[in-house]
Amino acid sequence: MTANECIRGRRSIRKFTDQPVSHELLARIVETASYAPSWKHTQIARYIAVEGAKKDALAKCTSIFPGNGKIMENAPMVIAVTIIRGRSGYERDGSFSTPKGDRWQMYDAGVAGEAFCLAAYEQGLGTVIMGLFDEEEATKLLDLPDDRELVALIPIGYPDEAPAAPRRKAVEDLLSYQS
């Protein structure tokens, strides 16, 4: 599969079969995703695979948008994407390297999350990136250390649907040139 095929073919999957995702396959996906670029190669993204009863409890942390809970219940596994705080966009002395302050870490998390989803798609798995959930409740459930921040939840599994690609904006709307 070419990068073009992977990028154009990946879809947000919300219905999964009950086939489990093997831990060996997940490890290969994370290894591939680890090649995502990051600020000064800080590699702040960390992945937590959530299965079984804890996954079902995590699905209940979606009162803000109950539809996400149903998707997580249907998936055999949910990946909690977390970051290590205070590294991306910072110097070693704790000062910011950029006027963006700590916002750069979300950029790195997004790049890592998309690399994870593309690597999963290449292996025949479906994913959907979720940002609507009760962050405080989910963070407590996952028992994250103080230096970590929960960024997104990604249900993952074998797709039980094949959605069509949504309409895309024209290149003319997305691209401009300046001289």
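Keep in mind the model is a prediction, meaning the values are calculated, not measured. Along the sequence shown, residues carry numbers from 1.
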same_hphob_cluster([X], [Y]) at 4.5 Å side-chain heavy-atom cutoff:
X	Y	value
Val78	Leu150	yes
Leu26	Ile129	yes
Ile44	Val151	yes
Tyr177	Val171	yes

Next on the checklist: Please confirm whether the ring centroid of Phe116 lies under 6.0 Å from the ring centroid of Tyr47.
Outcome noted: yes
Checklist entry - Hey, would you say the Phe133 and Phe65 ring centroids sit under 6.0 Å apart? => result no
Taking atom [atom1] of [X] and atom [atom2] of [Y], what is their separation to the nearest 0.5 Å?
X	Y	atom1	atom2	answer
Lys54	Leu141	NZ	CG	5.0 Å
Asn68	Arg14	CG	CZ	8.0 Å
Tyr121	Glu5	OH	CD	8.5 Å

Using modelled atom types and a 3.5 Å cut-off, is there a donor and acceptor pairing between side-chain atoms of [X] and backbone atoms of [Y]?
X	Y	answer
Glu149	Ile83	no
Thr62	Gly69	yes
Arg85	Arg148	yes
Glu137	Asp134	no
Gln123	Ile29	no

Checklist entry - So among Leu153, Ile71, Ile13, Ile156, which one has a side-chain contact (heavy atoms from CB on, under 4.5 Å) with Val128? => result Ile71
Item to check | Verdict with supporting geometry, Ile48 and Leu144, side-chain contact (heavy atoms from CB on, under 4.5 Å) | outcome: CA-CA 10 Å; Ile48 302 169; Leu144 295 182; 3.5 Å; yes
Side chains of [X] and [Y], heavy atoms from C-beta outward: is any pair under 4.5 Å?
X	Y	answer
Lys40	Glu91	yes
Thr98	Trp39	yes
Ile79	Met77	yes
Met106	Lys100	no
Leu125	Leu25	yes
Met130	Pro155	yes
Arg11	Glu161	no

[X] and [Y]: which non-hydrogen atoms are nearest, and at how many Å?
X	Y	answer
Gly157	Val21	CA-CG2, 3.8 Å
Met72	Lys55	O-NZ, 3.0 Å
Ala119	Thr32	CB-CG2, 3.7 Å
Glu73	Lys60	OE2-NZ, 4.4 Å
Gln105	Gly86	OE1-N, 3.6 Å
Phe16	Pro76	CB-CD, 4.0 Å

Any chance [atom1] of [X] has more than 12 other-residue heavy atoms, nucleotides or ligands included, within less than 6.0 Å?
X	atom1	value
Lys140	NZ	no
Phe96	CZ	yes
Glu31	CD	no

Checklist entry - Does the pair Glu136 and Cys61 meet the rule for a side-chain contact (heavy atoms from CB on, under 4.5 Å), with working shown? => result CA-CA 9 Å; Glu136 186 177 326; Cys61 297; over 6 Å; no
Between [Y] and [X], do the side chains contain a donor N or O and an acceptor N or O under 3.5 Å apart?
X	Y	answer
Thr82	Arg46	no
Ser38	Asp108	no
Asp93	Ser95	yes

Next on the checklist: Between Gln43 and Arg87, is the side-chain contact (heavy atoms from CB on, under 4.5 Å) condition met? List the steps.
Outcome noted: CA-CA 9 Å; Gln43 300 181 69; Arg87 290 192 185 166; over 6 Å; no
Next on the checklist: Any salt bridge linking Arg28 with Glu122? Criterion: basic side-chain nitrogen under 4.0 Å from a carboxylate oxygen.
Outcome noted: no
